[in-house]
Structure formats: structure tokens, C-alpha cells
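Notes for the one structure printed next.
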Amino acid sequence: MFKKKILITMLVMLFLSLTVSGAFAQDTVKIGTLMPLTGGLASYGQFTRNGTLLAQKIINEQGGLLGGKELELVNVDTQTNPQAGVDGAQKLVSVNGINAIVGALSSGVTIPVAESVTVPAEVVLISPSSTSPVLTTLDDNGYVFRTVPSDSLQGVVAGNLAADLNHDSLAIIYVNNDYGQGLNDAVIEQFEERGGEVTASIAFEPNKVSYRSELMEAAEGNPDALLLIAYTDDGGITIIRQALENGFFEEFIFTDGLKAPEITEGVEQYLEGMRGTAPTSMPGGKGPELFTKLYEEEFGEIPPKPYIDTSFDATFVLALAIEKAGSTEGPAIRDALGEVLAEDGMVVNINEWNKAKDLIAAGEKIRYEGASGPVLFNDVGDSMGAIGIWKIEDGNIVNESIEVQ
Amino acid sequence: MTFAGVFSYLVFFLIFAGIYAVMTLALNMQRGFAGLFNIGIAGFWAVGAYTSAIMTKGPSPDHLGGFGMPFIIGLLAAGIISSLLAFLVGIPTIRLREDYLGIATIGIAEIIRLVIKNEAWLTNGVRGISAIPKPLAGSFGSNYNLFFLMIVVLVIALFYYLSEKGINSPWGRILRAIREDEEVVKAVGKNVVRYRMEAFVLGAFMMGVGGGLYAHFTSFISPEAFKPMQATFLVWIMLIIGGSANNFGSIVGAFLTWGIWTGTEFLTGMLPAAYTTQAAAIRVILIGVFLEIILLNRPEGLFGEKKYSSVSTADR
Amino acid sequence: MLKVKSAVKEFSGFRAVDECSFEVEENTITGLIGPNGAGKTTMFNLIAGSLDLDQGEVYFSEQKVNNFAPHQIARLGLARTFQIPKTLKKMTVMENLMLVPSGQSGENLWNSWFNSAKVSKEEEIVEAKAYETLEFLELTHLADEMAVNLSGGQKKLLELGRALMADPELIMLDEPGAGVNPTLLNKIAENILKLKERGKTILLIEHNMDLIMNICDRVIVMNDGKHLVEGTPAEIKRNPRVLEAYLGEKTA
Amino acid sequence: MLRINDIYSGYGEIEIIHGITLNVEQGEIVSIVGPNGSGKSTLLKSIFSLVDIMGGEINYLGSDLTKAATDQMIKKGLSFVPQTDNIFPTLTVAENLELGAYVSRKNLSDRFDLIYNLFPPLVEKRKKKAGTLSGGQRQMVAFGRALVMEPKLLLLDEPTAGLAPMFIDLILEKVEEINKTGVSILMVEQNAKKALAMSDRGYVLAAGEKKYEDSGRGLLENKEVAQLFLGG
Amino acid sequence: MALQLFLNGVILGSIIALGAIGLSLIYGILKFGHFAHGDLMTLGAYFAFLFKVQLGLPFWLAFVLAAALTAGAAILLNLILYRHLKKRDSVIVMISSVGAALIIRNLVLLFWGPQNKFYEKAIQMPIVLGDGLLRIKENQIIILVLALTLVIAVHLFLSKTKLGKAMRAMSDNIDLAQITGINTERVIIWTWAMSGVLTAAAGILLAFDTHLTPVMGWNLLLPLFAAVILGGIGSPYGAMFGGLVIGISQEMSTLIISAAYKPAVAFTIMILMLIIKPSGLMGKKV
């Protein structure tokens, strides 16, 4: 009896899951989003999803796309896990009938999704945050893009920054994933080219309680500064605090994952004047400021997390491409993505969807001044962003200068 | 939602659930038939996946490789290396009390994950191995997944057949007898440790092959895929829900549980965006509650233990 | 056949078996008796390898078998039963017996999978042998019954059957008569005698003196872990030290 | 004070005791003897509900014990010393004794004094872990723990099992001493002769049934009883 | 350097020890590995966050309230779950504790969200001893003192009180405990309560030294088990000692091996222990 009940419950749930998610399927343009809402990256997924929702709102408020169709976003929780992520992506493609995907966050999910789901199904995928160099060389028939620069780009700038700050020696502590690894390699190469010495390069496991022994190892040989490659939530803040508390380091250089006022809370006086790098907008663009304003109107204070802006941009440029293609077919969207954006195109800001539509209708190319800076793809689908240098002043983060690629 | 769409998702779903079913069958061999408590499935899964990937890929500067072996050899190697690992783990631990073996295996699985993460020369570390060849890729067009499903079903069928045949044979008779009373088996001259070890190694072989299937299907593996929750405990939940010591129940348990695990996604999809994080948490809570209800009400699983026998009574 | 020399086994300071020596002749029935706690079952476990000797030696068929693993000694031709019958509960009576014969090629998984012909041929032989054993024990009607459903006495018989299936040289029976009704007891006694006729050697622990007196060729009495006296049943019955041992009067 | 009336008990589906009636009067030492496997220990365990009771009843000081909770039995003055595993090995001797006072802690020090007087060797071992003691000393600890409960009736399951001969006499002497302080005793004992010699009454069991019942002396002189042990 | 690592290890080790004592007692008495123990630890830390940061209560009061609530949660788990599974295979109970771990972790996620939290935003500068040889924060001294106090309290409780002795007795021999008149059900409840308090303390101290995240306890679970095995299952004193050994060896391992392999140290010690002496350093028979 009990067995029967359980079996029936399970089947009903299975059925519901298949139908409910695909039930409201009329006349909309659907984009799937693959964001982690549970698991290791849960604290990012919620906000990156907000980024996509903001883009959806702007587009729908300004009349939708493809002649008035609404943009519909369908999200699947990847659980920060490839097994669940790949399954979710296939559900988006097959059951929900989405036309393109924004996501996933970590390369560990993005790549298997691309290889086993979206590329074979000819669905365009734009990752807002996967920085792995593997994505560049993926045999993807051009269906995989990203709105975040490959980590090698930022690494060069960070390496230069360290040298420019007259540091002769540098210790690096990086988060042990593909993002951290990539940046670390690039920084070492650049810094050593500039004549500096990297005294230690130490990977750390995220979410551990103590990083004192890593710090101690890094501090050996008295390097001039610590270059920290981490996210705020997986140990970055803990490392900064423990480094300060124990007097291991006084000089820091940060990367984009730490570009957040959160890192200075309670330790303002120690971090005053420290610098960091992060992908940013080209000179003249006002995307980031505008984005912060719009986000805060919609969701309240913008959290100091990366990739919210790139998620917004990914959604926006997908919409641009669909509008340009005049179709929701994967190959058409793919081709349109390459055509619609140009460095010397007409400027479109992030709240100017109507203007964009008009320009596309007029056959103009667009220079999209995105939330994370101008979005341009090179021929392998990587974003050709710019890297900015930021600085902590009075406990706040201010942009200092921009290094164009 | 089109029929074709649902069908293609269904195929996809079945591939994934099928890979889990391979794991569950393997665990059933270890746990259900031999009473071995392995909570390091993730380790064997990872070793299988990486072995097959390294064996079959062409040369790559990022990690060990360049053997370019065919798919089948990759799978076999995955099974063999995974069994070898089981053998080494088993030597010191298989004699111990069952929960000691469990804690040892979970420790080994975590060590394996750390090695994969940090020994980049071997595994490309955290960046993972990409472009793992799919067997006969490009030959079936849009029906490729259907073809892959066939492979998975074939593997399940093979393992099911071998497992059933094994457990109903004199070999299985000894294994079942060990579970009933070890002393008796020793007293009639059977080497209990040897049979335990064989079941452990055989289960690990199946897990390795399952790992290989996973690697070739997703074409990309990285340490992220082999965390204890999704790669070990989920398999246990499947086995317990389906019913330990029952091969058929194990398979059904895998399909149903994977259905619930991914299927309850609709909960998240239905709620307003502001609540999605909460919904995701609630979903996992519900899965937990569901598991507890089953454990409290039906600890032997949906199908319970099956009666296996080496003797057919018909001919007497 | 079996020779025990100065065997010693201690449990946290207490000598359960204390310098005990005895021999069992081939093709005899030897009874091992003694009051509770005399060390009889411990002695059985030492011989069968379930426990390791602290001192002393055990020879089986001229071979020193000190501290062999149980399965190794079993393979040399020693079968045993347990005081409280141990059966494989959720397996049929038939399977309980078919488990026993050693060297079955089907015990190798590879053969079970890929050499079905050979395995099933052997299985037929083993099955026939098991059936024969059941006939000998007059249990054929229970062949397909789960062992858990057997009565206490039937379990005793099944244990005996399991010992027979091994084709042993020496059978060690731990209280074959305990908890068995008189009819069944006679049957067990008969069976033991029949086994002797077939050339087997039997060593049994028993408290039922009738059984001991009726079937044993020799009786060894143990007390306090030591070999107390030894002789024919009649001699033992008359020996005052035995009675004292049983009623607890210690010889000073 | 204790009346066991037509009790049937055993483990799970296996019935071992087939309808035994037995009683113990205030101040008596009563022994249960019989060959191995006759069900002596099972009978004793039935009193403390440590085996499954299938029929009959157990009455103690006028109230039904068959369904009583263990701590209630202890409060009423019943205590039990199992044959094996009867001490807590990782606890010290003093702690073992103290646990005997778990249910009631009145006059604790008097009770301890009594135990240490009865078993002087325990005094210096007080702080030692019980698991490190010799067999005889362990038995003293077990007795001590049971006596701290201030029993009116002490149940002993083969108190001399596995002890060296010199300890056997000692322990049995102690049993008599304990009895003299007013504690009734019901014990299962393998050393039938010694046990019966010191008992007011005795019962002889065989195959889960009561075969003889008489004064200790009477049973000792009974030829049939002697025969039962060597086969009749 | 080695001295500093040693000190860090002692701090981490005393936190692990607190968690491991309860885990070991439960393992000893109920004979199953409680996989939700780490998440109970997380829960305790978040309860304290609720009282201290969200409700603004003083730290000591938050500590006490959180410990009490966590004890309540542990008892609740026992009442609705483990008590009913007592007669089952220990593996079934263990799997159910994995389910409980999932539930607790996601409840924390549900109520407090995935972001890291801090009891205290400002950092503390360390006291420098011996010309920079050794640095220690005031908070770390508090942690050490609190942990030490709790360990002593546990010791006194286990060795002096009736209940504590009953717990140890049950860990030794549950049947004998029962016929000694110990109300085993009640002692089990108290055992849960005590390990709830200890595990909450471990979580709070851990978060006090670093930060709160929903996975903090789950990440520490295996080191907890390692400590329990090292000390011998069921031996609370062994668990204390095991915790210290694991903490110190994890921190000091960075002298020899890459920090990336630091988490493996606990497992390696554990596995070596299983091979060499499965009963643990202070354990009983296996």
C-alpha cells in the first residue's frame, strides 16, 4: 500500500515537473538561465539571476522583441553541480523550448553543458562568468560566448599593476579553481617578465575555516605584497582579515572577485589605498553607473558580487541578436551575435532597448555600452573587455584608471 | 512544449538516470549482497571518469594523455583502475567493522578529489578535462543521444545480467551466506575475506565503468562533479529507496530518485524570482523529508530484499 | 588423527584451557565431556581455528595446524557444528547444504559467468549429494524450506548435514543432543554411528550421558580447562573424580 | 517474596523455559542447578524481563513484575548480577559501584563501606578502571554494584563461572555473608554440590522443566539428582 | 613559525575536539555515525548569530541561548527520527542522518541566506609575543579559554555527575546499564542535549574566529570523524585528544606538504589509524 502511494507521488511529481515548467508556452521568446541557487555558488546565483531579470524587465517594458513578443526567462538551478546543471540545460532546451541560454556560472558546469547539450542542439550559450581558457578553444561551432574576459587578460594587467607599484617581490594566494588558476598563471608570467619575483604561489581550498598556515607559507621570504585571487564569499575576506590580524601582509593587490566594499568593512584603516583590477567599461561608457542605479531601483542595494552586470549584458546582447536575426533559430542567433555588435557602431546604453531596436531595423551596427562595459566578441566568442584598476579610498571602492586591451 | 522536445529530454533524462542506475547496481553488489559499507562512491566514479578520459583522448599539453584508445578500451580501463583502487583500499579495511570501512572510503574519496584538483600534470587540475571523445560522434545526427542511451542501457543490462547470474550462482551463494552468518562460511572452508574483496572490487569495476560513461557523455569532467552529495549520498538514497539486495529495485530506485531530484525543479520555476533561493532550499528540504518518511515507514525500500537462490526447485 | 598438546588459552587472565592434551584415534567416536566452563567449546574453537592458541600445539592428520584460519583447517578435512545451531536463515535447506563442498568451480565468479556448462554440471552433482544427505537425515520434505523455519532439532540435523557435505575426515559436534526431543535424539545417535561405519572420525561435546554412553568408544573428561580423566564410557561412569567434577567438589 | 508461576519464556520464537513454578522466601538462599542447556540462566533472565516472556507470571512482594520497568524493580529491591559482561570496563571501580546507586542515593557512604568491608581488595583498586582487574576482582565489583542497590533479593547468574578455584570458594562465602545481612538470594550455579550445600532450598532443572525441588541437603542426598548430571 | 602553526593547530583542534566529544558519545551509545553533526554545528553558530547580531543580545547570552536551542534541535532529531530507527541497521540510521544534514543545512540557507556572516566586523590586532615569534588575538584567547572551560566542564560532568557516569556506562555496556536501573531513554536524550550544546559551542567558536557559512559544519564533519576514530569510538577523552591531534597536524602539515593538501591530512591520519589500530588510541575492543 505504502509502496503504491510513494510510487504514485513520485510519478505525479515527475509529470508535474515536465508539464508545469513548459505549460505557459505561448508566443514568447524564451531564454533559459542556468544559475546556481543551491550548492557552492548559491550566494552568487541569486544575484546574477537578478541581473538577467533586470534586462528582461527593460526589454519587456520597451515593447519586447520580434515585433512585440515578450521575453520570457526560465531558470534552472544548477546546484553548482555538473550532473544537475547538464540535466537542467537539457530540460530547458527540450522541454521548455528555450532559444538561447545565459549561464552557467562556473566553467565546471558551463563546459559540460555546452559539450553535451547546447552545441549538439545548436543553441547559443553565453556564460556571464566562466573565465576558463578552455572555453576559448572549445570545439563549439561558434555557439559558445562569454561576456567576461578570459582570465589571462586581467592577469596581465594585475601583473603590470604590481610592477608599477614598485613591488619587487610578490606572493600570490589564489582560489583553487579554474578562475584562480588561470589568473595566477597569467600574473606570474607578466610580473616575472617585468623583472619581479614571485616568492610563493599558493592555492587555497574554498570555505575552509582558517587560512593562517597558507598565509604563513606565503609570508615566508618577506615579499613586498600579497596578490589575492579570491571571491569574497569563499574565503577571500577571511584571508584578508587573517592576513591583517596576524601581520602577515600590509600591502595587497586584489582581483575582480574582491571588488566589493564588503572587504573593507571593519578593516578600512588597513586597506586604505590598496588597489585591485577588474574587467570594466571602456573610457566614456556609463554602463556600470547606470546599471547600479537601475538595479537598486528594482531590487534594492546592489550586493558586492561579480557577474551581476555580465549576466545582465549576456541577456541583453542575446536579445539584440534575436532581434537582429529576426528569428529564434540557434544558427541565426549565433550569426547575428557576430554581426550586430561593432566597436564603431552607434552607442546604445543599457536602458535604451527601443533605440537598439530602431537601429537594428535601420540596419545599423551597435556599440553596446553594457553594464560591465562595452561588449564585443572576438571571433571565438570571447568578450574583448577592458580591465580597470580600482582603489580603496575612505573605505569605498573607486575606479582609478582603465587599461584597454 | 513539443512532443519531440519532451521525447528528447526523456532520452536525456534516461541517460543520466541510467548512469546513476549503473552506480546503484554497483553499490548493490557491495552493500546489498556483500554488506560492504562504501561511502566513497565519488572516488571510484572520479577515477573511472578520469581514466577513461585520459585513455581515449588525443594528445593534450594540459594533462596526461595522448593514448587515443577506443571508447570500449577506455571504459574497460576505467573499470580496471577503479577495481585496482578498491583492491588497495580493501586490503587494510575490508576486515574491519562495516562503519570503519565506510569512513575509510569517504576519506579516500576526498583524497582522490584533492589529488585530481592539485595534480595538474595528470588531470589538468581544477580546469578539468574537456573534449572527451564521444563514441561514434557525429554518426547519428540529432538522434545521437538515443544512440548513447542504447549504450547505457546495454551496460545496465550487462551488469544486471552479470550481477543476477553471479548472485544466483555458487559464488553468490557464498556471498549471501556470509551475510547470514560469517562463522558458518568459515567453518565450511570458505575464505570470507576473499569473497568480500571480490564483491568490493566488482562493485568498484562497475562504478568505474559508470564514471567512464559519465565522462564520455558530458565530454567534460572537473573535480566539481565528484562531491560527496551528488556522487555518493544520492546513490545511497537511490539504493535505499529502491531496496537493498534487489537489483531490479536498485535500478528503479535510481530512476525514481533522479526523477525527484531533478523533477522537483518545477517548484523553483513556479515561484516569483525573489523567492527562488528560498524555493531551491525548500526543495532540498522536501527531498530530505521524503527520504526520512521512506526510511521511517519502509526501511527496506520500495521493493525490499529479493529472494535469490542458486537452486531451481522446478526439476525436483 | 587429531592430537592436542599442552594447549593453553587465556581470556583476560583467566585460563579457559589450561595445558590440556589429548588424542583422537582414527575411526572412533570420542566424547568430550565436563561441567560447564570446563573449556570444552573453547577447545573446539582452538582446534577449528576460530580462536588462536596462546601456547601448545594442535596436529591434524600429522600436520601442525596451530593458528590456521578456520577455512584453512576446514579444507584439510575438519567439519564442525555449533552449540547453538547456526544456519543460514534466509537460505533454503538445500542451499545451506550446497554451500559446503569445497573446490566448486562455480565459486569462482568467472566460471559462474562464462563457464555455465561446467558449473551447472557440477551443481547437479552437488545438488544430488545434498539431496542424498537430506535423505540420510530424512529431511527431504524440507529441501526448499528456508532454514529459519526449521525447528530446533531440525536445525541440529541440518548442522550435521552440513558437516557431512564437507566429506570430512573428522567431524566435531558441539552438543548435538542439546534441546532435541528423544525421538530425534535417537536418530542423531543412529546417524553418528552410521558415520563411523563409513570410516569417519567423530569428536563430540555432549551433556546427555545416554548419548555418550551409548555411542562413544572413548570419553575424555575436561575440568577447569584441564584434561581430567579419559577412558571407556563404563570406566568414566565409575570414576569418582568425574562425579565430583560435575557436582562441583574440587579436588584439592 | 518471589513467586514465579508457570512461566514460559525464550528468545524470539524459540521457547526455552516450559512452564516452571518456583518461589523464594524472605531470607533464603535458593539455588537453581541443572545440566548445561537446561535453561537455568534463561529462567533467571525472565525475572528481569531480559528474555521474551510467553506465558505465566512473576510476582514479587505481592505485585506483578511481568510488566514492570527495570528501575521500578530496582526500587523494590531486586538486583541482578549477570554471568558475563557484568561490569563497566572503562569506568573505575568506585564509579561502577556508584552506578549501583543510580536509582536511589540514600546513605551512599554506608553502603560503600559495606561493600569495601565485604571485598577488601577493592579498596586499593578504587581508582582503577574495572576493565584492568582480574576475573575474581571483577566479580567482586559486579557483586558490589548489585549490593549498592540495597537489594532485598539478589539474583546471581553463575557467580563462579570462569573463576579460578580459590576464588570460587571466596565468592560463595561472600554470598553466604551477604545472605546473613538479610538479603535473600536466588542463584544459578554450576558447582551444584557447593551451591546446594549452602542453600536453604534448591531446584533442579533439565531441558527447560523443573525436575526436582527440595531442601539443599535433600537434593544433595538424592541419588537421582546425581544421576541426572551423568545421565540417568 | 612552527610554534605559531602549533598554536593555530591548538585553536582549531580545540574546536574540533568540542564537536568530536558529542559525536563520539553518540557513536558509542547509539552505535551509528551521526552525519548531521556538522550541520548541527552550523545551526548553533547561526542561532548565536540570530541572538547576537540580529537581536543585539550580549555575546555570552547569545552563546547560552544558541547552545540551548541547538540541544533542543538535537533532541528533536532523536525524537522524530533516530529513536524510531533504533532497531534498524546502523547504516539506515546513518543514511537518515545524511537526510537530516541536508534538511538542516537548507533550513539555514532558507533563513539566513547563502552569504557569509560575521559576528564582528572589526578585526583585532594580535598580541605579539617573543619578538614576533608568536601572535595571538584576544578572541583566540577567549576561544581557548572557553574551549578549555567546556572541556573541563565536560570532564567534570562525565566523571562527577550521576548522569555523566551513566553516559559512560551506556557507552560501555548498554544492557548492563539497563539492569542497573539507568533509564536509558532519558540518558540518550541527555546525551543528545549535551552533544548539542558542545557542537553549538564548536560552531560558535569557529564562527567567532572566522565567519559563518551554511557549509561550515559539513566541511568540518570529516575532521570530526577523524578525531573520533583517532580517539577510539565512544571515548570522550579520546575524542578531545583526537581533535587536538587532527587540528595540530593539519596546521603543521603545511611545513612539509602543499597547503592544497591540508584537508587530506585528517583523512590520512584517520586511514592510517584504521590500518594500525582500529580501536583508536583510547578505545575499547572493536
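Here the structure is a predicted model, which means the values were calculated and not measured. Heavy atoms only: backbone and side chains are in, while hydrogens, waters and symmetry mates are out. We name chains A, B, ... by the order of the sequence lines, and we start the count at 1 in each one.
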Q) Are B:Lys117 and B:Glu224 ion-paired here, with the side-chain N under 4.0 Å from a carboxylate O? A)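 Salt bridge between B:Lys117 and B:Glu224, a charged N being under 4.0 Å from a carboxylate O: no.
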Atom group of [X] that falls short of 4.5 Å from chain E, counting heavy atoms:
X	answer
B:Arg31	side chain
B:Glu300	neither
B:Ile240	side chain
B:Ile91	neither
B:Leu291	side chain
B:Val115	both

**Q.** Distance flag, aromatic centroids of B:Trp236 and B:Phe37, threshold under 6.0 Å
**A.**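 Yes.
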Q) For the rings on E:Phe35 and E:Phe225, is their centre-to-centre separation under 6.0 Å? A)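 Yes, the ring centres sit under 6.0 Å apart.
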Part of [X] within contact of chain B (heavy atom distance under 4.5 Å):
X	answer
E:Phe111	neither
E:Thr268	both
E:Ile271	side chain
E:Leu81	both
E:Ala100	both
E:Ile104	neither

**Q.** Residue pair E:Ala66 / E:Ala200: nearest heavy atoms and the distance that separates them
**A.**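 So the two residues come closest at O-CB, 4.3 Å.
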Q) Hey, what's the ring geometry for E:Tyr82 with E:Phe32, parallel, tilted or perpendicular (30° and 60° as the breaks)? A)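 Correct class here is tilted.
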Q) What orientation do E:Trp218 and B:Phe233 show, parallel under 30°, tilted 30 to 60°, or perpendicular over 60°? A)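 It falls in the perpendicular class, over 60°.
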Q | Top contributor to chain E contacts, counting heavy-atom pairs under 4.5 Å, from B:Ala104, B:Pro228, B:Ser244 | A |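 Ranked by contacts with chain E, first place is B:Ala104.
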Q | Among B:Glu119, B:Arg95, B:Arg113, residue most engaged with chain E (heavy-atom pairs, under 4.5 Å) | A |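 Answer, by heavy-atom pair count under 4.5 Å with chain E: B:Glu119.
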Q.
Quick check for you: among E:Asp89, E:Val91, E:Leu85, which has the greatest number of heavy-atom pairs under 4.5 Å with chain B?
A.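 Most heavy-atom pairs under 4.5 Å with chain B: E:Val91.
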Q. For chain B, which of E:His84, E:Arg88, E:Arg105, E:Met270 has the most heavy-atom pairs under 4.5 Å?
A.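 Of the options given, most contacts go to E:Arg88.
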Q: Kindly say whether E:Leu176 contributes a backbone atom to a donor-acceptor pair with the side chain of E:Asn173 at under 3.5 angstrom?
A: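 Checking the backbone N and O of E:Leu176 against the side chain of E:Asn173, a donor-acceptor pair under 3.5 Å is found.
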Q. Does E:Lys117 reach the main-chain N or O of E:Trp112 with its side chain, forming a donor-acceptor pair under 3.5 Å?
A.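 Such a contact is found between E:Lys117 side chain and E:Trp112 backbone.
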Q: Quick one: pull up CD1 in E:Ile21 and CG in E:Leu224 and give me the separation to the nearest 0.5 Å.
A: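 Here the interatomic distance stands at 11.0 Å.
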Q) What's the spacing between E:Glu185 CD and E:Arg83 CZ if we round to 0.5 Å? A)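 With rounding to 0.5 Å, CD (E:Glu185) is 6.0 Å from CZ (E:Arg83).
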